[in-house]
Structures are given as structure tokens and as C-alpha cells.
Amino acid sequence: MPLLPVLEHSPFAILPLLKSCKTVRNLNQIHTHIIRRGYEQDHFLIAQFLSICAAVLPASSCYPTTVFNAVISPNIYLWNILMKAHCENASIGECFALFRRMRKGANVVPDKFTFPSLIKACSSVMALREGRVVHAAAVRCGTEGDVFLGSSLIDFYGKCREIECARKVFDEMSVRNEVSWTSMMVGYLNCGDTDAARWMFDEMPKRNGATWNAMIKGLVKLGDLVSAKKVFDAMPVRDEVSFTTLIDGYAKAGDMAAARSMFDEMPSKDLVTWSTLMSGYVQNGKPGEAVKVFGEMWAMNLKPDEFILVSLMSACAQLGSLELAKWIESYMREGSYDMGRAHVAAALVDMNAKCGNMERATKLFEEMPERDLVSYCSMIQGLCIHGCGAQAVSLFNRMIDEGVRPDDVAFTIILTTCSHAGLVDEGCRFFDLMIKKYSLSPSPDHYACMVNLLGKSGKLKDAYELLQSMPVESYAGAWGALLGACRLHCDIELGEIVAKRLFEVEPQNSGNYVLLSNIYAEADRWMNVSDLRERMSEKGLRKIPGCSYLESTTPA
DNA sequence: TTTGGAACAC
């Protein structure tokens with residue numbers, strides 16, 4: 001890097017160069033010069049350097065800490081900058097360790113700039129106890145009148161569902177601004193107190209974009225898209241966040257047509273918008289559309305972020321396209337994405353498992369520093385898809401041994417697996433475990449899995465008894481599964497009982513009549529078959545004729 | 001020469 005001669009004389013001459021830093025390499029070069037010129041103890045220059053580090057380096061970098069540690073007696077500015085970096089990236093424990101270090105050995109006193117970052121760190125993990133400690137420390141330091149501290153405390157207590165505490169802070173503030181009012185309003189929205197939130201919105205002396213967007217988000221969360229759209233239309237200036245919030249709302253309500261037209265209306269879109277639209281399609285089971293959107297974005301020469309790639313991986317998993325999976329992985333490797341981040345790693349495991357690359361999925365899974373419920377479920381489901389029922393069962397057992405608590409979705413997966421693989425004893429054991437050890441109440445889907453499992457292996461009586469003990473009344477799916485099993489094992493007697501029940505629950509479903517008729521037919525009970533046909537036509541039911549894709553698309 | 005902190009979208 002060419003250096004201007006003026007650098008010889010003053011540390012300030014480095015500033016313009018420092019501010020133009022874009023990469024780690026740039027930073028290293030500047031740092032070298034700082035050391036060479038003996039500016040390592042220059043508080044002003046190091047403060048600037050640390051600020052630029054936060055903008056350029058990845059969050060996990062410990063470079064700023066190293067630079068800070070080389071300063072013999074850092075001033076309060078340096079402490080506060082490092083504290084903020086810690087609060088945004090490190091664990092709450094590390095933030096507090098730094099705070100203690102600051103108070104004990106250092107020759108500085110925390111000031112009003114120190115506390116808001118710490119409070120923010122507490123609110124991001126809902127650390128109520130820790131946040132109260134910081135609040136008390138801030139009061140002891142005499143900074144409680146500060147509007148930044150007040151606003152961060154309102155946000156913190158609101159996020160921790162301590163709305164009364166938030167309101168107390170709000171009421172006791174001598175100066176409030178848009179942030180204080182908006183934080184209080186968000187607190188009410190998160191507690192479901194729409195009236196109080198509305199009151200805040202109407203009464204606040206000044207609103208900015210974030211205020212309006214927060215209100216839209218609150219209404220979207222309550223499922224009131226009509227009101228959300230009204231607020232959106234009433235906004236003086238709409239930005240990307242306003243549009244994106246509404247797009248997400250439409251997507252979550254299953255209305256992708258509305259989401260897409262809102263997207264198309266946007267004057268300018270950022271990466272979050274693209275990612276929101278993609279994950280909307282994924283959530284609504286339209287992976288092909290998600291991939292198309294990715295293609296549109298790609299054609300515009302935009303570099304996808306990790307959120308977009310996670311959505312793309314979910315779409316790929318739904319499609320089961322091994323080719324696309326391989327492309328995504330190699331693209332991410334070349335693009336130096338952080339594949340170790342928890343949600344990225346989980347998406348990679350899921351994608352490979354569902355696309356048939358169990359070997360790769362297993363490797364990624366085992367290399368994860370921590371295997372959570374989601375990753376375990378991806379693997380178990382992958383093994384299920386590939387017919388490795390026994391392996392899936394032993395992985396489920398390992399998950400429990402590792403202390404990961406299965407939820408209702410996990411049990412649906414393992415019961416389905418047992419049913420597919422005909423693992424009757426294991427399935428029954430898991431069903432029992434779910435109720436007795438994990439106190440989960442089985443859903444209709446769980447019952448249907450069990451009926452399938454018992455029914456397929458010929459334990460029709462057990463399946464019938466289970467269904468009679470089912471607290472969820474009149475769930476047709478599980479009874480239909482049992483009728484299917486009766487047909488499989490030619491059990492006319494039970495088939496008649498089950499069918500009778502089904503005719504009551506869903507009288508318009510011709511499939512049940514057809515199943516029973518097939519049971520009769522296989523036992524050569526043709527009288528019963530014709531009786532049944534008669535009953536069907538009385539009710540105006542018709543067997544829906546089988547129709548193949550070819551027949552329906554080829555002209556006659 | 002004089003630095004640092006809070007709220008809204010995936």
C-alpha cells in the first residue's frame with residue numbers, strides 16, 4: 001500500500017485510509033502501520049480502528065479484542081466500543097466478564113454510553129435477572145435520566161414480558177423520543193394489548209418509519225392483515241421494511257398471490273425482501289416458485305446472503321433435487337459462506353438427507369458442534385425416506401440419550417418411520433414414551449400413524465381399541481387407515497364396524513364405500529357389493545374413476 | 001484533532 005509522506009508526521013493522516021478499509025487485508029495493513037509508527041497507544045486512532053473493525057470483520061473475529069488488549073490504559077471510549085462489539089456478538093457471559101473487568105482493574109468509570117449495549121444484549125436473550133442487575137448499576141452510576149438508557153430498558157422489559165416495568169421506566173423518563181414511544185408500543189403489541197398500543201401510536205408526539213412498520217408488524221402478528229394494510233396505506237413514506245413486513249404477513253396467511261403482487265409493486269427491493277418472498281413460497285409448499293425467485297434475483301447479479309441460501313436449501317429439500325443440492329454446496333464453498341452457523345448447517349443436513357445424499361448428510365451432521373432437535377429430525381426423516389427404519393430408530397434413541405427433548409413433530413416422524421418399516425414394538429414403545437415420559441398428548445396424526453402401524457401388521461383389534469380410546473372424536477383419517485388395514489387383512493367383520501362409523505363421520509366420501517366394497521369383493525360377497533353400490537347411488541355418490549396423467553392430457 | 005449508546009422486515 002502506498003503511503004503518503006504526511007503519514008510520517010501525524011496519526012490523523014491515517015484516518016481517511018482507515019475509513020476506506022473494505023477488507024481484512026486492508027485492516028491488517030493499517031494496523032501494521034499503526035504499530036510501526038508507534039501509535040498503538042493513541043486512543044483516538046484506536047477508537048476509530050475498532051469502529052471500522054466492527055463494520056468490516058465477521059462477527060466472530062477476536063481481532064478487535066487483541067488490538068484493544070495492546071492498549072495499556074484504554075479510555076472510556078475504547079471500553080464502550082469494545083463493549084458494544086461484545087454485546088452484539090458474544091454470549092451474555094462474555095459481555096458480563098468484560099463489564100466486570102472494566103469495573104475492577106481499569107481506571108475508568110462506566111458512563112451513560114456503556115449501559116444501553118449491555119441492556120440490548122440482555123433483551124436479545126431475554127436475560128431478565130442480568131438486565132435488572134445492569135439497570136441497577138446504571139442507576140448507581142447516575143445515568144438513569146438518559147433517553148438511550150430509558151429506551152433500551154423499555155425494549156428490554158417489553159421483550160421479557162414485564163410490561164409494567166417497561167411502563168414504569170417510560171413514565172419516569174423526563175425526556176422521551178420516537179424510540180422510547182415505539183419501544184413502549186412494541187411492548188404492548190407483543191403482549192397482545194392492541195388498545196394500549198393504538199393509544200401509544202395515536203398519542204405519541206412524533207412518528208417515524210420504524211413506528212409505522214412496528215405497528216404493521218404487530219397487526220400482522222395478530223393475523224389482522226386488513227388493518228395492517230390500512231396502516232400501510234396510511235403511511236406517509238413506505239420503505240423496504242414496510243413492504244417486506246406485509247409480504248411476510250400475506251405469505252404466513254397462505255396468500256402468495258397477494259405477497260407476490262406486493263413484491264412486484266415495490267420500487268426497490270433489498271436482500272431481506274427477496275429472502276422473505278422465497279421463504280414464503282417454501283412455507284406454502286411451492287419450492288419450484290422459490291427456486292424461480294432465486295433465479296430472478298441471480299439474473300440481477302445480486303449476491304445472495306445466508307438467509308436466501310437457507311431458503312433455497314429448504315426449497316431444494318422439498319424438490320429432492322440432488323443436482324441443485326450439489327450446486328448450492330459448491331457455490332457456498334466458493335463464496336466463502338460460513339457453513340458452520342447453526343441454521344446453515346441444519347439446512348445443509350436437511351437438504352442432503354432429503355435429496356438422497358445420506359452419506360454427505362451424515363458427515364455434516366456428525367461434524368456439527370451441537371446437534372439440535374431440528375437436525376436430528378432431518379436425519380431421522382432422511383433415513384425414513386431411504387427405508388433405513390432401524391437406523392432411524394437407533395438415531396432417535398441416541399437423540400434422547402444426548403438429552404435432546406423430542407416434540408410432537410419428532411414423534412410424528414419416528415412413528416411414521418416405524419409404520420413404514422413395520423417396526424411394531426418400537427412404534428408402540430415410542431407412542432408410550434411420548435405420553436408417559438414427555439407428557440405430550442397424541443394428535444390425530446399420531447393416532448393415524450399408530451393405526452397404520454398396527455393395522456399393517458395384522459393387529460387390527462389393537463388398532464380398533466386404540467381408536468376407541470382416542471379422545472379426539474370423529475377423526476376420519478385414522479378410521480380410514482383402519483378400514484384400509486381391514487381390507488389388507490380381509491377382516492369383514494371389523495371392516496363393517498369401521499365403515500359404519502366412517503359413513504356417519506364423512507357420508508360424502510365415496511372412498512370409504514369403495515374400500516368396504518373391495519373387502520366384500522375379495523371375499524366373493526357379491527350380494528353385499530351390489531347392496532353397497534345401491535346405497536352409493538341413492539346418496540348420489542359415484543366412484544371417482546382412476547385417471548392417469550397420460551389419459552388426461554393426451555387428446556383422444 | 002476529539003471519538004462511543006436505544007426501536008421496525010428474512
Side-chain angles (χ1 to χ4, degrees), chain A residues 10-15 18 42-52 54 74-85 87-88 108 110-121 123-124 138 143 146-156 158-159 166 169 173 176-187 189-190 200 204 207-218 220-221 231-232 235 238-249 251-252 262 266 269-280 282-283 304-312 314 343:
Chain A
S10 158
F12 299 102
I14 301 182
L15 277 179
L18 187 54
D42 187 303
H43 288 164
F44 177 68
L45 195 55
I46 298 299
Q48 295 296 314
F49 187 82
L50 292 179
S51 300
I52 303 290
N75 65 7
I76 186 66
Y77 289 95
L78 293 179
W79 277 104
N80 287 340
I81 296 168
L82 189 70
M83 184 63 83
K84 187 191 175 217
C87 289
E88 280 169 2
V108 288
D111 65 5
K112 62 178 183 176
F113 289 90
T114 316
F115 298 107
S117 319
L118 271 168
I119 292 292
K120 190 184 178 184
S123 62
S124 69
T143 73
D146 182 55
V147 66
F148 278 76
L149 177 74
S151 303
S152 61
L153 283 170
I154 293 168
D155 172 67
F156 163 71
K159 286 217 169 78
V169 173
M173 285 172 82
R176 300 177 198 96
N177 62 15
E178 298 96 301
V179 182
S180 331
W181 282 89
T182 304
S183 300
M184 195 63 231
M185 185 188 85
V186 169
L189 284 172
N190 287 337
M200 281 278 154
M204 60 198 288
R207 289 178 278 266
N208 61 20
T211 315
W212 288 89
N213 292 336
M215 183 48 104
I216 295 174
K217 169 74 180 175
V220 160
K221 220 173 155 190
V231 173
F232 177 88
M235 275 182 89
R238 288 171 280 271
D239 64 4
E240 287 89 347
V241 181
S242 331
F243 278 93
T244 306
T245 308
L246 212 48
I247 290 172
D248 192 45
K252 294 228 159 73
M262 187 110 273
M266 279 181 83
K269 307 160 180 60
D270 60 14
L271 287 182
V272 182
T273 316
W274 286 97
S275 141
T276 303
L277 187 67
M278 280 181 66
S279 77
V282 170
Q283 283 163 32
D305 65 7
E306 62 178 46
F307 288 96
I308 289 172
L309 290 167
V310 166
S311 286
L312 185 64
S314 311
H343 60 292

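All chains are named by letter (A, B, ...) in the order of the sequence lines, taking the proteins before the strands, and each is independently numbered beginning at 1.
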Response to the item:
Against the side chain of A/A214, the closest entry in B/dA6, B/dT3, B/dC8 is B/dC8
Worksheet item: Quick one: A/W79 CH2 to B/dG4 C1', roughly how many Å, whole number?
Response: 14 Å
Worksheet item: Is there a donor N/O on one and an acceptor N/O on the other, under 3.5 Å, for the side chain of A/T276 and the base of B/dC10?
Response: no
Item to complete: Would you please say whether a donor-acceptor pair under 3.5 Å links the side chains of A/T273 and A/D270?
Response: yes
Practice prompt. Could you tell me the separation between the CG atom of A/N208 and the P atom of B/dA7, rounded to a whole number of Å?
Written response: 13 Å
Response to the item:
Here the distance between atom P of B/dC8 and atom CE of A/M184, to the nearest Å, is 14 Å
Worksheet entry | Closest to the A/S183 side chain, choosing from B/dC8, B/dC10, B/dA7 | B/dA7
Worksheet item: Separation of A/Y77 atom OH from B/dG4 atom C1', in whole Å?
Response: 7 Å
Response to the item:
The nucleotide from B/dA7, B/dA6, B/dG4 with an atom nearest the side chain of A/E88 is B/dA6
Discussion item. Can you tell me how far apart NE2 (A/H343) and CZ (A/F307) are? Round to the nearest 0.5 Å.
Written reply: 5.0 Å
Practice prompt. Apply ring pair (Phe, Tyr, Trp, His ring centres under 6.0 Å) to A/F148 and list each qualifying residue two or more places apart in sequence or on a separate chain.
Written response: none
Worksheet item: Which residues pass the side chain to side chain donor-acceptor pair (under 3.5 Å) test with A/S314, sequence neighbours left out?
Response: none
Worksheet entry | Phosphate OP1/OP2 of B/dA6: any A/K120 side-chain N/O under 4.0 Å | yes
Response to the item:
Picking from B/dA7, B/dT3, B/dC10, the nucleotide nearest the side-chain atoms of A/S275 would be B/dC10
Worksheet, complete the sentence: From CE of A/M235 across to P of B/dA9 the rounded distance in Å is 13 Å
Item to complete: Kindly point out which of B/dC10, B/dA7, B/dG4 is positioned nearest to the side chain of A/I76?
Response: B/dG4
Worksheet item: With sugar-phosphate meaning primed atoms plus P, OP1 and OP2, does A/K269 contact a base, only sugar-phosphate, or nothing at under 4.0 Å between heavy atoms?
Response: nothing
Practice prompt. Establish whether the base of B/dA6 is bridged to the side chain of A/N177 by a donor-acceptor pair shorter than 3.5 Å.
Written response: yes
Worksheet, complete the sentence: Side-chain contact check for A/T182: nearest option of B/dA9, B/dT2, B/dA7 is B/dA7
Discussion item. Starting the side chain at C-beta, find the nucleotide from B/dA7, B/dG4, B/dA9 nearest to A/K159.
Written reply: B/dA7
Item to complete: Kindly state whether the pair A/F44 / B/dT3 counts as stacked, where counting means centroids closer than 5.5 Å and planes tilted less than 30° apart.
Response: no
Discussion item. Closest approach to the side chain of A/P116, judged atom by atom: which nucleotide of B/dT3, B/dA6, B/dA7 is it?
Written reply: B/dA6
Practice prompt. With the side chain of A/V179 defined as its heavy atoms from C-beta on, choose the nearest nucleotide among B/dG4, B/dA9, B/dA6.
Written response: B/dA6
Fill in: A/T245 and A/D248 side chains, donor-acceptor separation under 3.5 Å
no
Practice prompt. Give the rounded distance in Å between these two atoms: CE of A/M262 and C1' of B/dA9.
Written response: 14 Å
Worksheet item: Over how many whole Å does the gap from A/F113 atom CZ to B/dT2 atom C1' extend?
Response: 13 Å
Worksheet item: Where the side chain of A/A47 is concerned, which of B/dT3, B/dA9, B/dA6 is the nearest nucleotide?
Response: B/dT3
Worksheet entry | Spacing of CE belonging to A/M215 relative to CE belonging to A/M200, to within rounding of 0.5 Å | 11.0 Å
Worksheet item: Which whole-number value in Å describes the distance from A/D305 CG to B/dC10 C1'?
Response: 8 Å
